[in-house]
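One structure is given here, and the rest of the page talks about it.
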Protein chains: 2
Amino acid sequence: MSKVGIKDIAARANVSTATVSYVLNGTRNVKPATKERVLRVIEELNFKPNAIAQSLKNRRTDTIGVIAEDVTVFNVPEIIDGINDYADRHDLHILLTNLRLDKRIGRGFDRVESYRKHMENAVAELQGKQVEGIVYIGVHPRDLTGMIDTHGKPIVYTYCYTQDDISIQYDDEQASYDAMAYLVKQGHSKIAIISGTMDSLPSRMRFNGFYKAVTEFSLPFNPDWIKMGDWETESGFRLAQELLSLPEPPTAILAMNDVMAAGVLRAASEAGVAVPGELSVIGFDNREFSGYLTPRMTTLELPLHEMGYRAMDSLMKAIRGEEVDRNQSPACKLILRDSVAPPPGD
Amino acid sequence: MSKVGIKDIAARANVSTATVSYVLNGTRNVKPATKERVLRVIEELNFKPNAIAQSLKNRRTDTIGVIAEDVTVFNVPEIIDGINDYADRHDLHILLTNLRLDKRIGRGFDRVESYRKHMENAVAELQGKQVEGIVYIGVHPRDLTGMIDTHGKPIVYTYCYTQDDISIQYDDEQASYDAMAYLVKQGHSKIAIISGTMDSLPSRMRFNGFYKAVTEFSLPFNPDWIKMGDWETESGFRLAQELLSLPEPPTAILAMNDVMAAGVLRAASEAGVAVPGELSVIGFDNREFSGYLTPRMTTLELPLHEMGYRAMDSLMKAIRGEEVDRNQSPACKLILRDSVAPPPGD
DNA sequence: CTGTTAGCGCTTTCAT
DNA sequence: ATGAAAGCGCTAACAG
């Protein structure tokens, strides 16, 4: 089982190493008989060309480095899948680095210095491995400007962004606008919103979509219907309780993620308010569990696969020096399930 | 930004390439002053040694190939995380191949030929890249004997197995036994079980644990309390309905996955049966959604991280020619939440 | 159509 | 303490 190389093949097939290389790569015409013979020997010895040596010679690895902040965070695998999809179709290889940020530092994204080193190591390693470019997958949409210096190597960010580089993020504003439009179409006008923390860009963008809809559809505006949550299920629960005990409660609640929407559902259930009969609820993210809740929850699906796919596409364009749309925003998709109905008495 | 190599460093620091290599690897003593100078130039030019060339020379890549049948399947990312954890601690690199089986062929795992080619390609590619060994992550525990020929390269399977190779799988039998023991301790004796499909090994192993507990705790045995499901939520729903309308209904139901357990919860809710007041429910898998159901569901957590970690550990041992325990079974862990209580009137 | 050979960027033996 | 040079497994220019 000692490594068999092109030389061994050449020897056994009575040809030169060059010929073996030619049949391997189809670089030149080789007499069918010779070719046949070489191929047979290759098969016999189960020879696989050493990709390391090939890359060294060719000075091309056809490999893209992917840095994922944490592969166990819900949105990441699907993005990786999109990246793989693109790579498969274009004969590219993927080198995946998992920073394990969630495991290592939890939600302490503010403590920048604690993970800057991890990022730098990851980039250095990928540079050493001669990747042609890098895709960086965040776990949380935020500004990473100044965090990473790739020394000129092309990089594309997704699920996060910098002020200088290409990034792919779904369209938060359009998504919440779409959810509102759907609610309005169902007959709702008293629509409440439960936001995530306000230090987050997605929260603010989703608010923009909400306000745009309120304005465009001339919905009644009631400040009591605007609630700030913190992304966690408890806040959804608590704020929904407040909303339901209002003198004039909303007939629909848009929560900025499914986790909070689950809290809304629980609050409604405990208060004896029927969903969707008396209250409609829309979540955000299309987390796996949203389909298993009672009722099955209507929510916004993130275009994760597409983000990965487009990130690769943009990266390859950048590598080839082509013009790239620097801030693409693929659309979210409203998944219609059972938590929305026309308002009572409609 | 043209590639800077060891030669450039040598030239600029007025030393030979050998010396640069020595300071890079600490292979020899280098006069502090010289070392200092070399290091400075390296820093200046942001030089990263070409890992490709290093590997070619050293004939070691310190790289493990990981083949994941599908990274988007719920258990896989956590296993990868365990693999990464091990790799980080042991200065190993990971080359991840995502077969995308779920996307490409869905649940058609019987149609073996349709994915054998994908597997072979993946293995060949990793061989070419000179990985030291391979970890194979299934999406579904099943026998893969004869599917993959690594031509002597060490391989370890996890979340699936073969008859000849090392594999790491959690202990299904112990897990369902533990769940039963917990139920018994809460005072239950009329315990029903909803299985997965019987062509699956986990189903049979979990049954074994169930029967072991029935025997050991001398529980009343009622064939009506044994239900065959198909892993899907609808079967959990339907079978729970049957169970609840029995003349002598069980006081607890153990479902072989969370998805079916969610169906049980919905059936109970619709039948006006309080969980856990009148009926206790335990799931399996600790899927993310199980914590968001109402009530939050008690379930068995799979030792995914540990499976990945141990797979790597076993693989490295195999590579070094050390003795390896060929069939390790890390334990599942019962996650206590709110869907279990003593039986009514206890 | 096929063979000879230089060299990709590094490590390491052998000299000094 | 440092340098010269061979060579890892391949590709491709050059020669025949």
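Any value given below was found using the heavy atoms of this structure, including those in side chains, with hydrogens, waters and symmetry copies removed. Chain letters run A, B, ... following the sequence lines, proteins first, then strands; residues in each count from 1.
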Requested in this report: Please tell me which of A/K31 and A/T17 maps to the more 5' nucleotide of DNA chain C, matching each residue to the nucleotide holding its nearest heavy atom.
Outcome: A/K31
Query raised in the report: Is any side-chain N or O of A/Q54 closer than 4.0 Å to OP1 or OP2 of D/dT11?
Result: yes
Query - B/R28 CZ to C/dT12 P, straight-line distance once rounded to whole Å - result: 9 Å
Requested in this report: Take atom NZ of B/K7 as the centre, draw a 6.0 Å sphere, and report whether it contains more than 12 heavy atoms from other residues, nucleotides or ligands.
Outcome: no
Query raised in the report: Between B/D8 and B/R12, is there a side-chain N and carboxylate O pair less than 4.0 Å apart?
Result: no
Report summary line: Taken to the nearest whole Å, CD1/B/I9 to P/C/dC10 is 9 Å
Query raised in the report: Atom CD1 of A/I6 and atom P of C/dT4: how far apart are they, to the nearest Å?
Result: 14 Å
Requested in this report: Round to a whole Å and report the spacing from CD1 of A/I42 to P of D/dC10.
Outcome: 10 Å
Query raised in the report: Closer than 4.0 Å, any side-chain N/O of A/N58 to the OP1 or OP2 of D/dC10?
Result: no
Requested in this report: Check the distance between D/dA1's C1' and B/R37's CZ and give it to me in whole angstrom.
Outcome: 12 Å
Query raised in the report: Atom CG of B/N25 to atom C1' of C/dC10: distance rounded to whole Å?
Result: 9 Å
Query raised in the report: Reckon A/D8 touches a base, only the sugar-phosphate, or nothing at all at heavy-atom distances under 4.0 Å?
Result: nothing
Requested in this report: If the plane angle is over 60° it's perpendicular, under 30° parallel, otherwise tilted; pick one for A/Y309 and A/Y86.
Outcome: perpendicular
Report task. Would you please confirm or rule out a distance under 4.0 Å between OP1 or OP2 of C/dT11 and any side-chain N or O of B/T27? Result -> no
**Report entry** Charged N-O contact under 4.0 Å between A/K103 and B/E78
**Finding:** yes
Report task. Determine the contact category for A/S55: base if any of its heavy atoms lies under 4.0 Å from a base atom, sugar-phosphate if only primed atoms, P, OP1 or OP2 are that close, otherwise nothing. Result -> nothing
Query raised in the report: Do the side-chain N or O atoms of B/R59 get closer than 4.0 angstrom to the phosphate oxygens (OP1, OP2) of D/dG9?
Result: yes
Query raised in the report: B/N50 side chain N/O closer than 4.0 Å to the phosphate oxygens (OP1, OP2) of C/dC10?
Result: no
Query raised in the report: DNA chain D: B/P32 or B/A53, which has the more 5' nearest nucleotide?
Result: B/P32
Requested in this report: Grab the OH-P distance between A/Y22 and C/dC1 for me, whole Å please.
Outcome: 13 Å
Requested in this report: Report yes if a side-chain nitrogen or oxygen of A/T19 is closer than 4.0 Å to either non-bridging phosphate oxygen (OP1 or OP2) of C/dG3; otherwise report no.
Outcome: yes
Query raised in the report: For DNA chain D, whose closest nucleotide is more 5', that of B/L56 or that of B/V15?
Result: B/V15
Requested in this report: Would you kindly give the NZ-to-P distance between B/K7 and C/dC10, to the nearest whole Å?
Outcome: 9 Å
Report task. When you get a sec, tell me which of D/dC14, C/dC10, D/dT11 is the closest nucleotide to the side chain of B/K57? Result -> C/dC10
**Report entry** Pairing of B/R320 and B/E132 as salt bridge, 4.0 angstrom limit
**Finding:** no
